[in-house]
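Structure first, commentary second.
All ligand and atom numbering here is 1-based and tracks the order in the structure. Residues take their numbers from the sequence shown, with the count starting at 1. It should be emphasised that the depicted structure is a prediction, and the values quoted were computed from it without experimental measurement.
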Amino acid sequence: MSQLEIKNLHVSIENKEILKGLSLTVNQGEIHAIMGPNGTGKSTLAYTLMGHPNYMVTEGEIIFKGKNLLELEPDERSRAGIFLAFQYPVAIPGVTVANFLRSALNARRRALNPEDKGLPILEFRKMLKEKMDMLKMDHAFAGRYLNDGFSGGEKKRAEILQMAALKPEIAILDETDSGLDIDALRVVSEGVNALSGPDLGVVVITHYQRLLNYIKPQFVHIMMHGRIVESGGPDLALHLEESGYDWVREKYEEVPEV
Ligand code: ADP
Ligand code: MG
């Protein structure tokens with residue numbers, strides 16, 4: 001069983017510490033939600049896991065399948081079976097969703113077996129159609145240029161389709177913070193619900209308090225001031241929905257440095 005283990009992670013951006021001792025363990029087959037108000041470092045965690053060069057890990061470790069994830073380049077992380085969807089995916093005009101997925105998939109297959117010649121095109125198309133049917137997506141979507149003029153919901157749809165095709169062991173989905181984009185959240189949650197099972201571990205990162213209307217995580221974590229301060233089951237998300245974050249803020253008030 002694959003495992004992602006984050007231990008006492010400290011991360012700085014431009015010498016400002018954003019993550020301050022974050023710990024989290026995610027196993028294949030588990031669905032986790034990380035919730036927290038804006039500015040607590042949720043996206044910083046996602047970018048650090050991706051290997052974004054601006055995010056400096058100053059302390060702690062990230063172990064994926066027994067290996068130090070921090071030593072892997074971003075593309076190696078992806079090929080190793082960790083999937084990261086981003087808040088602001090880039091547009092790639094001229095590259096269709098299908099072609100993008102095919103190169104990503106073949107790269108992942110080659111990482112598992114250097115002799116792999118890639119999935120033959122007909123098999124790839126068949127697989128893609130099956131995944132699109134499972135996710136209730138229009139097949140025409142595969143022929144569009146990746147993220148070019150996509151709505152928030154369509155970007156999420158492209159990410160979920162990528163996740164379905166790549167079959168990662170652990171997926172990190174950072175939810176959009178641009179207002180309450182319910183369409184995007186619905187796409188993500190329907191995708192996660194359709195794809196979840198013993199082979200997939202998921203971390204859904206969101207600031208949206210009514211998460212449970214959409215997704216059923218087994219584990220819910222509250223993030224505040226750069227670390228996870230509370231962990232529990234779905235009841236914790238319910239509590240947040242009823243009471244908001246004020247009680248968390250009060251309980252974990254930051255003491256200003258002198
Ligand atoms: P969240 O996703 O929880 O809203 P972020 O991880 O985006 O939080 O941001 C956490 C903190 O890091 C914020 O105070 C934000 O201003 C700061 N921050 C994020 N990105 C940068 C950056 N590129 N440069 C400087 N500060 C940043
Ligand atoms: Mg964010």
Side-chain angles (χ1 to χ4, degrees), residues 4 6 8-24 26 32-60 62 69-70 74 77 82-90 147 150-153 155-156 158-160 163 170-189 191-192 202-211 214-215 217 219-231 236-237 240-241 244-257:
L4 175 71
I6 304 170
N8 187 32
L9 187 67
H10 289 252
V11 173
S12 295
I13 313 171
E14 290 160 8
N15 291 323
K16 183 179 169 217
E17 187 167 68
I18 308 291
L19 296 188
K20 301 167 185 172
L22 184 142
S23 297
L24 175 72
V26 181
H32 292 248
I34 298 182
M35 308 176 73
N38 284 333
T40 43
K42 301 186 300 298
S43 295
T44 299
L45 173 64
Y47 281 117
T48 305
L49 287 166
M50 171 187 88
H52 193 293
N54 290 0
Y55 296 77
M56 263 264 299
V57 176
T58 55
E59 207 184 317
I62 307 178
L69 187 83
L70 295 171
R77 298 180 189 199
I82 191 160
F83 176 86
L84 290 138
F86 299 103
Q87 237 170 290
Y88 305 107
V90 284
N147 290 330
F150 279 17
S151 69
K155 284 180 185 169
K156 290 289 157 190
E159 284 172 1
I160 295 296
M163 186 166 103
I170 304 282
I172 319 287
L173 306 169
D174 190 5
E175 192 39 65
T176 174
D177 283 351
S178 51
L180 288 184
D181 195 341
I182 300 302
D183 183 40
L185 182 60
R186 216 189 50 237
V187 169
V188 169
S189 44
V192 169
V202 187
V203 182
V204 178
I205 302 177
T206 184
H207 71 149
Y208 188 62
Q209 289 175 32
R210 258 182 269 150
L211 175 87
Y214 299 90
I215 221 163
F219 304 94
V220 174
H221 310 276
I222 303 179
M223 200 167 157
M224 188 67 83
H225 310 312
R227 51 193 189 91
I228 287 171
V229 293
E230 296 268 339
S231 293
L236 187 55
L240 273 184
E241 184 179 333
Y245 288 112
D246 284 352
W247 64 275
V248 194
R249 279 199 191 88
E250 273 162 33
K251 193 166 164 187
Y252 299 97
E253 201 175 352
E254 243 190 354
V255 185
E257 279 171 45

Ligand 1 and Gly41, any nitrogen or oxygen pair closer than 3.5 angstrom? yes
I'd like to know if the side chain of Ser43 pairs up with that of Asp174 as donor and acceptor (distance under 3.5 Å, no hydrogens or angles considered). yes
Contacts of type ring-ring contact (aromatic ring centres under 6.0 Å, His included), residue Phe150, not counting sequence neighbours: Phe141
Relative to each other, are the rings of His221 and Phe219 parallel, tilted or perpendicular (30° and 60° limits)? parallel
Under a 4.0 Å heavy-atom limit, does Thr40 contact ligand 1 with its side chain, its backbone, both, or neither? both
Which bit of Thr44 gets closer than 4.0 Å to ligand 1, counting heavy atoms only: side chain, backbone, both or neither? both
Set of residues satisfying side-chain hydrogen bond (donor to acceptor under 3.5 Å, both in side chains) with respect to Glu241, sequence neighbours excluded: none
Return the option from Gly226, Gly36, Gly39 holding the heavy atom at the smallest distance from atom 1 (P) of ligand 1. Gly39
Consider ligand 1: state whether an atom of it lies below 4.0 angstrom from any non-hydrogen atom of Met223. no
Atoms of ligand 1 less than 4.0 Å from Lys16 heavy atoms? 14 (O)
Do any of the N/O/S atoms of Ser43, backbone or side chain, fall under 2.8 Å from the Mg ion (ligand 2)? yes
Can you confirm whether the side chains of His10 and Glu17 place a donor and an acceptor under 3.5 Å from each other? yes
Shortest non-hydrogen contact from Val11 toward Thr58: N-OG1, 4.4 Å
Sort out for me which residue in Leu24, Thr206, Leu22 forms a side chain to side chain contact (heavy atoms under 4.5 Å, CB included) with Ile34. Leu24
Approximate separation, where rounding is to 0.5 Å, of Thr44 OG1 and Leu19 CG: 5.5 Å
Options Ile18, Asp174, Val11, ranked by nearest heavy atom to atom 11 (C) of ligand 1, top entry: Ile18
Which ligand 1 atoms, with their elements, are less than 4.0 angstrom from a heavy-atom of Ile13? 18 (N), 19 (C), 20 (N), 21 (C), 22 (C), 23 (N), 24 (N), 25 (C), 27 (C)
Distance under 4.0 Å to a non-hydrogen atom of Lys42: what atoms of ligand 1 satisfy this? 1 (P), 2 (O), 3 (O), 4 (O), 6 (O), 8 (O)
Atoms in ligand 1 with a heavy atom of Ser43 nearer than 4.0 Å: 1 (P), 2 (O), 6 (O), 7 (O)
Below 4.0 Å, non-hydrogen atoms only: which portion of His207 touches ligand 1? Side chain, backbone, both or neither. neither
